[in-house]
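Per chain, numbering begins at 1; letters A, B, ... match sequence-line order.
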Number of protein chains: 2
Amino acid sequence: MKKPKKNVRVTLQEVADHAGVSTTTASLVVRNNPRISEATRNKVLASMEELGYVYDRVAANMRSQNSNIIGVIVTDIANKFISEFLIGVQNTLEDFGYTVLLGTTFDSVEKQQKLISTMVEHRVDGLILNPASRSVGKTVKQLNNLKIPLVLANRELTNVHADYVGIDYPEGTYKAISHLISKGHEKIAFLGGVKNSSTWTERMEGYRTAHENANLTLDESLVIDSEPTDKGGEEAALKMLDLPEIPTAIFCFSDLIAFGVMKVLTQKGIVIGRDIDIVGFDNIPEAEIYHPPLTTVSSYPKSIGNQAAKLLHSKVKRESEEMHRVILKPQLVIRETSK
Amino acid sequence: MKKPKKNVRVTLQEVADHAGVSTTTASLVVRNNPRISEATRNKVLASMEELGYVYDRVAANMRSQNSNIIGVIVTDIANKFISEFLIGVQNTLEDFGYTVLLGTTFDSVEKQQKLISTMVEHRVDGLILNPASRSVGKTVKQLNNLKIPLVLANRELTNVHADYVGIDYPEGTYKAISHLISKGHEKIAFLGGVKNSSTWTERMEGYRTAHENANLTLDESLVIDSEPTDKGGEEAALKMLDLPEIPTAIFCFSDLIAFGVMKVLTQKGIVIGRDIDIVGFDNIPEAEIYHPPLTTVSSYPKSIGNQAAKLLHSKVKRESEEMHRVILKPQLVIRETSK
DNA sequence: CTGAAAGCGCTTACAG
DNA sequence: CTGAAAGCGCTTACAG
């Protein structure tokens, strides 16, 4: 308790003075540069310890023109698919020694724009973006202009200079629909998701192909879009129940949508798995423990996160200049809602 | 496309030169200082626009010795209680103009320590910490030494100079146990949670008081601790089933624990709500849609997050020097598992 | 209302 | 193996 606590932060300069060396030397010691002798190093380390030195990354980053900070922008952290994705991203980024600046857009394009600006002003070394549903390519123009590495996840943008990691939505949807068709269904609704967003269009593609391959006519009135939330699912289900003829099976944009749909149907006394079959998408942990357990397409949010972080890292380190697209293959997990 | 894209970032100096003013003036314009004339301001703004100037917060923060960054460290973002809490924190912090540096400890004290150091090195203006279960007071010593404002959330630490926001765990537990007792239960287990962590001790207190007030003897063998996850709940349930006499009701440390417990009991053919009553804690969204819907104590993670952010803001702005403790009152939500 | 100069706490060539 | 000096891009007194 002998040192006065005035200027709380001790500077490298003060450490150097205390140890009787130059700041150059002290700086090299802090960064574990081997060209400092053991004796000098120990002297400096002792001074750092005694004075309670704390490395000032802000100053260091400013001088060395990098930040070791990666911006991560997602649509909604309370969505399990997203939070699992985030865990994948964070774990890998932390292994690489980055710190994560997080932003949540709640699917608002305006908020997304503001967050991107903030991140750029904070000089992030790179950005991982899970775009809002209605994003357009110019959202990330600023990043491209400043040559800030960008990896898109889960949703692709057109005309954008960025890597992409996602899963094969057409393929996953194709598997889901084909499964329902093989069970004898001919009227299969597609509920939820934001129309014309890439994640929706790609599912639509799989939905269409599966119908064609089975020589079934696709009934566009069975396709009902919505916000990508459980509430959105409830709304879509209500609209579906107003149709002249109710379909015998439903493919849902996501598990979250499926939960909303199932809630409404159950309230209406419709027994899921008996009166109507349902398939979701994502295989979030709740899908398994839901009642009844949900048949769904398993994507791998944590892996997507890992891959996105790895791609970004190699871009930041300029290990590769080419664009990469990583598309993970999804799998169908059959449970009680379509047994 | 006429300007060469060499040094990608334009500096304030270049803007000033281009506009024919000093950097002082340019700086004041960027920060909307009213003491610059309209004419000069417009000239500078035009130059900024033309050159594509991007504000460098890192440099600004360094000079002005603050960061506008708040560190937020939580145990697990995939836990719904935590992610809701985070949404509350983020929304409020963003309203105040802060950016969030996020860390996840996965309940590891070592990881927590590392994250705190990283945040400190990044000169965060303040920190919101949802401490790992086994945290001790000295974890945050560095923060106190450097006088970095700290708000603890959901879990309190002893001998620590920090604000605290949480809910009244003894009260919430008291309500849950009293409810079960009023239904005629006399053997009520308490499953899950990390023994001797503050969140556990406080629940234990309510558990004890409810027993005492009802003149029931508390049977310590019915108290089985575990990791604070659904897996932990499964393990605790298995241990409980090994008891010589199985209790007729269970109070679970959290909803997550309750889900694990219910999974095991259901597998064993025990019908919940008939053979055995269960109450959880947190009222996460899944509690309502679980099968059967879970009776639980409703805490308000989003409000806790809002409050924590507000407290931290006023500390950072030095609006108040005293310590604050905000304790939210929980409510019992009765559903099918204890009807 | 505007500007010249110093400085935030580091790192980076460069010299010895 | 070590040090003196310049500089990263801003903001901050201070002067006029």
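Among residue pairs with one or both ends in residues 57-70 of chain B, those qualifying as salt bridge (charged side-chain N to carboxylate O under 4.0 Å, His left out) are E121(A)-R57(B); sequence neighbours excluded. Among residue pairs with one or both ends in residues 99-116 of chain B, those qualifying as salt bridge (charged side-chain N to carboxylate O under 4.0 Å, His left out) are E94(A)-K111(B); sequence neighbours excluded. Within the structure, salt bridge (charged side-chain N to carboxylate O under 4.0 Å, His left out) pairs that include any residue of residues 17-36 of chain B do not occur (at least two apart or interchain). For the salt bridge (charged side-chain N to carboxylate O under 4.0 Å, His left out) condition, no pair includes a residue of residues 68-78 of chain A, sequence neighbours left out.
The stretch residues 21-32 of chain B touches DNA chain C through V21(B), S22(B), T24(B), T25(B), each having a heavy atom within less than 4.0 Å of the strand.
Where DNA chain C pairs in unbroken runs of 3 or more (Watson-Crick or G-U, both distances under 3.5 Å), the stems are C:1-3 with D:14-16, C:5-12 with D:5-12, C:14-16 with D:1-3.
Contacts between chain B and DNA chain C, taken as any atom within less than 4.0 angstrom of a protein heavy atom, begin and end at dC1(C) to dG9(C).
Of the residues near DNA chain D, V54(B) and P34(A), the one whose nearest nucleotide (by heavy atom distance) lies more toward the 5' end is P34(A). Between G20(B) and R35(A), it is G20(B) whose nearest contact on DNA chain C lies nearer the 5' terminus.
Every residue meeting the salt bridge (Lys or Arg N to Asp or Glu O under 4.0 Å) condition with R123(A), not counting sequence neighbours, appears here in chain and number order: D56(B). Scanning for side chain to side chain donor-acceptor pair (under 3.5 Å) contacts around R41(A) gives an empty result, with sequence neighbours left out. Considering only residues two or more places apart in sequence or on other chains, T99(B) meets the side chain to side chain donor-acceptor pair (under 3.5 Å) condition with H122(A). Partners of K315(B) according to the salt bridge (Lys or Arg N to Asp or Glu O under 4.0 Å) rule, which considers only residues two or more places apart in sequence or in another chain, are D163(B). Scanning for salt bridge (Lys or Arg N to Asp or Glu O under 4.0 Å) contacts around K80(B) gives E286(B), with sequence neighbours left out.
Using the six-membered ring where Trp is involved, F96(B) and H313(B) have ring planes that are parallel, under 30° apart on the 30 and 60° scheme.
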